[in-house]
Amino acid sequence: MRAVAVAHPNVALVKYWGKRARAGNLPATGSLSLVLGGLATETSVRFDPHLARDRVLLDGREDAETSARVSACLDELRREAGVGLRATVESRNDFPTGAGLASSASGFAALVTAGAGALGLQLEDQRLAEIARLGSGSAPRSLLGGVVLLTNRDATTVCEQVAAPADWPLEIVVAVTTTGPKETSSRIGMALSEQTSPYYDAWVETHGADLAAGLAAVRARDFPALAGLAEHNCLKMHAVMLTTRPPLIYWTPATLACLHRIQEMRRDGVPVFFTVDAGPQVKAVCLPQAADDVATALAGIPGVLRILRSPLGEGARLRANPD
Ligand code: DP6
């Protein structure tokens, strides 16, 4: 009754910030993302008749909030399998946790994949996506690989692959500017934005057009169109964050310096654009021939601590021979 799964974090080009209804963690909008194959989460789930409660270790540590979310996902899997056994969950990231690198997305995608595997469940993709969503709204996107579209249909989450990694081999250069966890989690931050930002309604109203434009750009492999659209959508989300009370200022001076440098490079003809989530790290998305120059340029910016590089990756999967 044990299985191990690997999943990669993802970064949204058209983002999710806000929920439609609190119950079921349903996002207010759809989103479009890239899976970062160079960063990985590995999660082991073992159901055990001797346990009285679920035990969850994230990078070796227990955390009450994460444990509650993990148990909510496991409860759904237990219901599907008709078992009541509790589980030990051990999850490790090979990148900084909780710092705006979507560790919750890869974590919950790996969790539900391993959990279903350990219980011998063969769930439909959509059901697995719904269960992953309970853990994190961005997690269903890490179940698939490459470029992924998440949409709400009625009260369910539907994910589809828009391009496989080989269809459009983009590369992502991540500039890490802090390594600690962020001050305000996405979940708390987006609830505050919904309640207090005067721009929140405009964000939701204009989102459908951004999603359609982003999707069209990916389908046409139109890098300049995707660049302009993704940067606009990212800055619009940060405008909502900045106008939240209390304000959500996720950037550091190094974050902003990276954004300026990336825009400068693009004006000089380098195929690169930026996106930033609820944290200070900058993800520079580029065509592969530009990745070395982008990595060198960002590494030279004061305050950039580390550069991570990633091609597009595959969706969550079970490890065939876990140790
Ligand atoms: C800024 O999926 O972490 O990264 O559903 O509350 O767990 P919860 O939020 P989460 O939010 C992701 C927010 C974002 C944008 C995105 O990935 O689309």
Side-chain angles (χ1 to χ4, degrees), residues 7-36 39 41 58 63 65-70 72-73 93 95-112 129-144 147-152 157 159 172 174 181-195 197 200 203-204 207 210-211 214 229-231 233-242 244 248-251 255 274-283 285:
H8 305 291
N10 66 73
V11 57
L13 304 182
V14 181
K15 298 189 184 286
Y16 143 54
W17 191 253
K19 299 180 199 296
R20 192 192 276 186
R22 207 67 55 195
N25 199 32
L26 198 66
T29 64
S31 50
L32 182 70
S33 65
L34 305 178
V35 173
L36 307 187
L39 315 182
T41 298
L58 179 56
D63 164 81
E65 211 243 312
T66 307
S67 299
R69 287 206 217 179
V70 166
C73 295
N93 294 325
F95 58 93
T97 300
L101 286 174
S103 54
S104 62
S106 51
F108 284 103
L111 172 78
V112 298
E130 278 172 14
I131 298 173
R133 189 192 71 215
L134 295 176
S136 201
S138 52
R141 301 187 313 230
S142 281
L143 292 171
L144 302 178
V147 186
V148 178
L149 173 70
L150 181 153
T151 47
N152 289 325
T157 294
C159 280
I172 300 95
V174 183
K182 58 195 167 204
E183 263 174 40
T184 311
S185 71
S186 297
R187 187 154 297 194
I188 291 170
M190 62 179 85
L192 290 171
S193 293
E194 287 163 32
Q195 290 155 17
S197 171
Y200 180 75
W203 160 254
V204 174
H207 204 277
D210 286 3
L211 202 54
L229 186 276
E231 288 187 354
N233 186 266
C234 166
L235 294 173
K236 194 158 52 176
M237 178 183 74
H238 282 274
V240 173
M241 292 165 162
L242 291 168
T244 294
L248 301 167
I249 308 174
Y250 285 113
W251 298 355
T255 309
F274 65 74
T275 190
V276 186
D277 286 318
Q281 332 300 3
V282 177
K283 288 97 176 185
V285 180

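One-based numbering, in listed order, for ligands and for the atoms of each.
Of all non-hydrogen atoms in Ala110 and Ala7, the two that sit nearest each other are N-CB, 3.7 Å. Between Trp203 and Lys15, the shortest heavy-atom contact is CZ2-O, 3.6 Å.
With ligand atoms numbered from 1 in the order given, ligand 1 contributes 9 (O), 11 (O) to contacts under 4.0 Å with heavy atoms of Met190. Listed by number with element, the atoms of ligand 1 under 4.0 angstrom from any heavy atom of Gly137 are 2 (O), 5 (O), 7 (O), 8 (P). Taking a cut-off of under 4.0 Å to the non-hydrogen atoms of Ala12, the atoms of ligand 1 that pass are 16 (C), 17 (O), 18 (O). Within ligand 1, the atoms closer than 4.0 Å to a non-hydrogen atom of Ser104 are 3 (O), numbered from 1 in the order shown. Taking every heavy atom of Asn25 and a limit of under 4.0 angstrom, the matching atoms of ligand 1 come to 5 (O). Listed by number with element, the atoms of ligand 1 under 4.0 angstrom from any heavy atom of Asp277 are 1 (C), 4 (O), 14 (C), 15 (C). The contact set between ligand 1 and Lys19, taken as ligand atoms under 4.0 Å from a residue heavy atom, comprises 5 (O), 6 (O), 8 (P). The atoms of ligand 1 that sit less than 4.0 Å from any heavy atom of Ser136 are 2 (O), 3 (O), 5 (O), 7 (O), 8 (P), 10 (P).
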(Q) Assess the residue pair Leu149 and Leu211 against the criterion (side-chain contact (heavy atoms from CB on, under 4.5 Å)); give the C-alpha distance rounded to whole Å, side-chain angles, the decisive distance to 0.1 Å, and a yes or no. (A) CA-CA 9 Å; Leu149 173 70; Leu211 202 54; 4.0 Å; yes
Q: Check the pair Leu58 / Asp63 against side-chain contact (heavy atoms from CB on, under 4.5 Å), numbers first and verdict last.
A: CA-CA 8 Å; Leu58 179 56; Asp63 164 81; 5.8 Å; no
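Proximity of Met237 to Val276: side-chain heavy atoms (C-beta onward) are nowhere separated by under 4.5 Å. At least one side-chain heavy atom of Thr184 sits less than 4.5 Å from a side-chain heavy atom of Tyr250.
Partners of Val35 according to the side chain to side chain contact (heavy atoms under 4.5 Å, CB included) rule, which considers only residues two or more places apart in sequence or in another chain, are His8, Asn10, Val148. Under the side-chain hydrogen bond (donor to acceptor under 3.5 Å, both in side chains) criterion, Ser33 pairs with Arg141, sequence neighbours left out.
The N/O atoms of Asn10, backbone and side chain alike, include none that comes under 3.5 Å of an N/O atom in ligand 1. For ligand 1, the polar-atom distance check against Ser31 finds no nitrogen or oxygen pair separated by under 3.5 Å.
Heavy atoms of Ala105 come nearer than 4.0 angstrom to ligand 1 in no pair at all. Using a non-hydrogen distance threshold of 4.0 Å, Ala278 registers as a contact of ligand 1. Heavy-atom separations between Arg133 and ligand 1 are all 4.0 Å or longer.
Relative to atom 16 (C) of ligand 1, the option among Arg69, Arg141, Met237 with the closest non-hydrogen atom is Arg141.
Taking the six-membered ring where tryptophan is involved, the planes of His238 and Trp251 are tilted, since the angle between them lies from 30° to 60°.
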